[in-house]
Amino acid sequence: MLNLRFIQENPELVIEKLKKKNFDAAGIVGQIIDLYKKKNEIQAKADQVKAEMNKLSKEIGQLFREGKQAEANAAKERTTELKDTIKQLDDSFATIDEQVFELQVQLPNLPADLVPAGRTPEDNVTVKSGGELPTLGADKLPHWELAGKYNLIDFELGVKLTGAGFPVYKGKGAKLQRALINFFLNEAEKAGYLEIQPPLMVNEDSGFGTGQLPDKEGQMYHVTEDNLYLIPTAEVPVTNLYRDVIVEAKDLPVKNTAYSACFRREAGSYGKDVRGLNRLHQFDKVEIVQIAHPDNSYAILEEMVAHVESLVQKLGLPYRILRLCGGDMSFTSALTYDFEVYSAAQEKWLEVSSVSNFESFQANRLKLRYRDEQTKKPVIAHTLNGSALALPRIVAALLENNQTPEGIRVPEVLVPFCGFDLIN
RNA sequence: GGAGAGAUGGCAGAGUGGUCGAAUGCGGCGGUCUUGAAAACCGUUGAUCUUCACGGGUCCGGGGGUUCGAAUCCCUCUCUCUCCGCCA
């Protein structure tokens, strides 16, 4: 959520920057400025009348204490009109306040200057790539067939239990999941992140805080009986840990990591994109989250990207890092790097991580602040997060890229965690 | 699920209609003393909106109401605790 004052003071800047996200903000910004002005006028008036009322009330109290009943009662009559005025002003203030808010939440975050212009994934910029593309024989199999051949993942059983997109992992398939989760958590811990085990359901306030609500209402599973949402990512609970919190500047950056199952309705997805592990309704992910001082949030973004890069390197996967263009970025992000790994049998790049700086956009909603060391005043912090990493597509690429006639080779770094180096 | 109690500043905790944004203690910050530290003592210490500023407004779990005036009374929701029931 953009700051109202900022919008009011920099309307042209907001409109200009949002063009890069292919968002025409002119109308909304204009309305916000008009309403904001009106809102302030009403508040000024209301404050004035309330001040008068407070003064009068004190006088009446004084008169009663002095036993001047008649004068007190006379003064009471004068308050009637003030009360009405206050009620009216408060009502119109509330109405306008709500209108402003509704417009305010429609504005996406401003893209950073680094963000390339563009509309579609084709316009994303590859900033780096690494690893060797494997050359597989003609008998190469896609991961869903490998998963069946080696009895690692049963998609049909998942359909029986729940539905499409809820796979059942078995044997070495299940162990590989556990190994990856442990490996990722260990790496995060080594990089200074505190491990968190968060709830998998959150309330509405949390959904709003990180920007899933009201924007992506339909993408989350909603438990209506208790009005709770299944988390689409650990980002939601882990970032909301700091909702309504003022952090001491010396405690920045705050670095948290969490493994969680993630639940996504993925309404609107179809076809070959959802084959096998490519797109699931439930999947496992280790997330890293940082709360940063605004002065160095971009340095921290680079640090997080480097951390994720180290993971795909250690797993020996060919990867590329993309800087997302304005049109492909999320609503809440200011700058996002996507990681893709190459899935050699499908012969396509799969997104396995998204690392973003949200600047103050989430923190504004969360009221997440730090106390400035000089002024001692609370200032809105910056939040960042990234997948480190999401499992399913990593598994897809590992299975496909490492297939050999003898079986599937397990990356060395995972062997201590899963206890085998070959799936056969 | 049933019965009862409760929700106040970073924490603990007072406050049952006016002078209460709120006593007191702890914690934090600054200082005195000290070679330094501790102890002791003194001072200071919530957030937010608005205004160039002075100032003014709002906030005692959320929402609504009564009243000239609400932390305090009423209604409602949420949450927490205790006991009972159920249970991984």
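Because the structure is predicted, anything quoted here is derived from the model rather than measured. These numbers come from the heavy atoms of this one structure, side chains and all, not from hydrogens, waters or symmetry mates. Chain letters run A, B, ... following the sequence lines, proteins first and then strands; every chain starts at 1.
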Worksheet, complete the sentence: To the nearest angstrom, the CG-P distance between Asp91(A) and G63(B) comes to 15 Å
Response to the item:
In whole angstroms, the gap separating P of U50(B) from CD of Glu9(A) amounts to 10 Å
Worksheet item: At under 4.0 Å, does any side-chain N or O of Lys377(A) touch on OP1 or OP2 of U48(B)?
Response: no
Discussion item. Counting C-beta onward and ignoring hydrogens, is there a side-chain heavy-atom pair between Leu56(A) and Arg78(A) closer than 4.5 Å?
Written reply: yes
Worksheet item: What interatomic distance, in whole Å, is found between P of G4(B) and the corresponding atom of U72(B)?
Response: 23 Å
Practice prompt. Give the intermediate values and the outcome of side-chain contact (heavy atoms from CB on, under 4.5 Å) for residues Met329(A) and Lys21(A).
Written response: CA-CA 8 Å; Met329(A) 287 171 80; Lys21(A) 279 199 172 179; 4.1 Å; yes
Fill in: Watson-Crick or G-U wobble mate for G27(B), both contacts under 3.5 Å
U45(B)
Worksheet item: Reckon Arg369(A) has a side-chain N or O less than 4.0 Å from the OP1 or OP2 of A47(B)?
Response: no
Response to the item:
Whichever of Tyr36(A) and Asp47(A) has the more 5' nearest nucleotide on RNA chain B, that residue is Tyr36(A)
Response to the item:
Testing C68(B), U48(B), U58(B) for proximity to the side chain of Asn54(A), the answer is U58(B)
Fill in: For atom CD of Glu225(A) and atom C1' of G1(B), their distance in whole Å
13 Å
Worksheet item: On a whole-Å scale, what distance lies between the P atoms belonging to G56(B) and G64(B)?
Response: 26 Å
Worksheet entry | Neighbour count >12 (heavy atoms, 6.0 Å) for atom NZ, Lys175(A) | no
Discussion item. So if I take every side-chain heavy atom of Met53(A) and compare against U48(B), G69(B), U50(B), which nucleotide ends up nearest?
Written reply: G69(B)
Worksheet item: Whole-Å distance between U48(B) P and Ile380(A) CD1?
Response: 9 Å
Discussion item. Does any part of the side chain of Pro294(A), heavy atoms only, come nearer than 4.5 Å to the side chain of Glu359(A), both counted from C-beta?
Written reply: no
Worksheet item: Under 4.0 angstrom, heavy atoms only, what part of the nucleic acid is Phe93(A) near: base, sugar-phosphate, or nothing?
Response: nothing
Discussion item. Are more than 12 heavy atoms, taken from residues, nucleotides or ligands other than Glu81(A), located less than 6.0 Å from that residue's CD atom?
Written reply: no
Worksheet item: So what does Ala51(A) hit on the nucleic acid, given a heavy-atom distance under 4.0 Å: a base, only sugar-phosphate, or nothing?
Response: sugar-phosphate
Worksheet item: Say you pick atom C1' in A40(B) and the same atom in G46(B); how far apart are they, in whole Å?
Response: 28 Å
Item to complete: Can you tell me the distance, in whole Å, between the CD1 atom of Ile246(A) and the C1' atom of U45(B)?
Response: 13 Å
Discussion item. Nearest to the side chain of Asn40(A), heavy atoms from C-beta on, is which of C68(B), U50(B), U48(B)?
Written reply: U50(B)
Worksheet item: How close or far is atom P of G69(B) from atom CG of Leu82(A), stated in whole angstroms?
Response: 10 Å
Worksheet, complete the sentence: For C86(B), the nucleotide meeting Watson-Crick or G-U wobble distances (both under 3.5 Å) is none
Item to complete: Using the six-membered ring of Tyr259(A), assess whether NZ or CZ of Lys285(A) lies under 6.0 Å from its centre and within 45 degrees of the ring axis.
Response: no
Kindly list each side-chain donor-acceptor pair under 3.5 angstrom involving residues 151-161 of chain A, sequence neighbours excluded, with atom names and distances?
unit_1, atom_1, unit_2, atom_2, d
Asp154(A), OD1, Glu156(A), N, 3.1
Asp154(A), OD1, Leu157(A), N, 2.9

Worksheet item: Does any nucleotide pair with U16(B) by Watson-Crick or G-U wobble geometry, both distances under 3.5 Å, and what is it?
Response: none
Worksheet item: Taking the side chain of Arg5(A) as its heavy atoms from C-beta onward, which of G57(B), U51(B), U48(B) lies nearest to it?
Response: U51(B)
Practice prompt. Under a 3.5 Å limit for both distances, which nucleotide forms a Watson-Crick or G-U wobble pair with C60(B), could you say?
Written response: none
Practice prompt. Give Asn73(A) one of three labels, base, sugar-phosphate or nothing, depending on what nucleic acid heavy atoms sit under 4.0 Å from its own.
Written response: nothing
Worksheet item: What interatomic distance, in whole Å, is found between P of A7(B) and the corresponding atom of C74(B)?
Response: 13 Å
Fill in: Inter-nucleotide C1' distance (G17(B), A53(B)), Å rounded
36 Å
Item to complete: Answer with base, sugar-phosphate or nothing: what part of the nucleic acid does Ser57(A) contact at a heavy-atom distance below 4.0 Å?
Response: base
Practice prompt. Please state the P separation for the pair G28(B) and A39(B) - nearest whole angstrom.
Written response: 9 Å
Worksheet item: Mind checking who A5(B) pairs with, Watson-Crick or G-U wobble, both distances under 3.5 Å?
Response: U80(B)
Worksheet entry | Opposite nucleotide pairing with G69(B), Watson-Crick or G-U, both atom distances under 3.5 Å | none
Item to complete: Remember a base hit wins even if backbone is also touched, and classify Leu56(A) as base, sugar-phosphate or nothing at under 4.0 Å, heavy atoms.
Response: nothing
Fill in: Which residue lies more 5' along RNA chain B, comparing Arg371(A) with Thr79(A) via nearest heavy atoms
Arg371(A)
Worksheet item: Which one is paired to A38(B), where only Watson-Crick or G-U wobble pairs with both distances under 3.5 angstrom count?
Response: none
Response to the item:
Testing G18(B), U58(B), G65(B) for proximity to the side chain of Phe64(A), the answer is G18(B)
Practice prompt. Considering only atom P, compute the distance from G57(B) to A22(B) and round it to an integer number of Å.
Written response: 13 Å
Practice prompt. Could you work out which one of G57(B), A47(B), C68(B) sits closest to the side chain of Lys50(A)?
Written response: G57(B)
Response to the item:
pair_partner(C33(B)), Watson-Crick or wobble, both distances < 3.5 Å, evaluates to none
Worksheet item: If we take the P atom in both G31(B) and A37(B), what is their distance in whole Å?
Response: 11 Å
Worksheet item: Starting at CG of Leu366(A) and ending at P of U48(B), how long is that distance when rounded to a whole Å?
Response: 15 Å
Worksheet item: Judged by atom type as modelled, is there a donor-acceptor pair below 3.5 Å linking the side chain of Thr239(A) to the main-chain atoms of Glu235(A)?
Response: yes
Fill in: Rounded distance (Å) that lies between atom C1' of A47(B) and atom NZ of Lys367(A)
11 Å
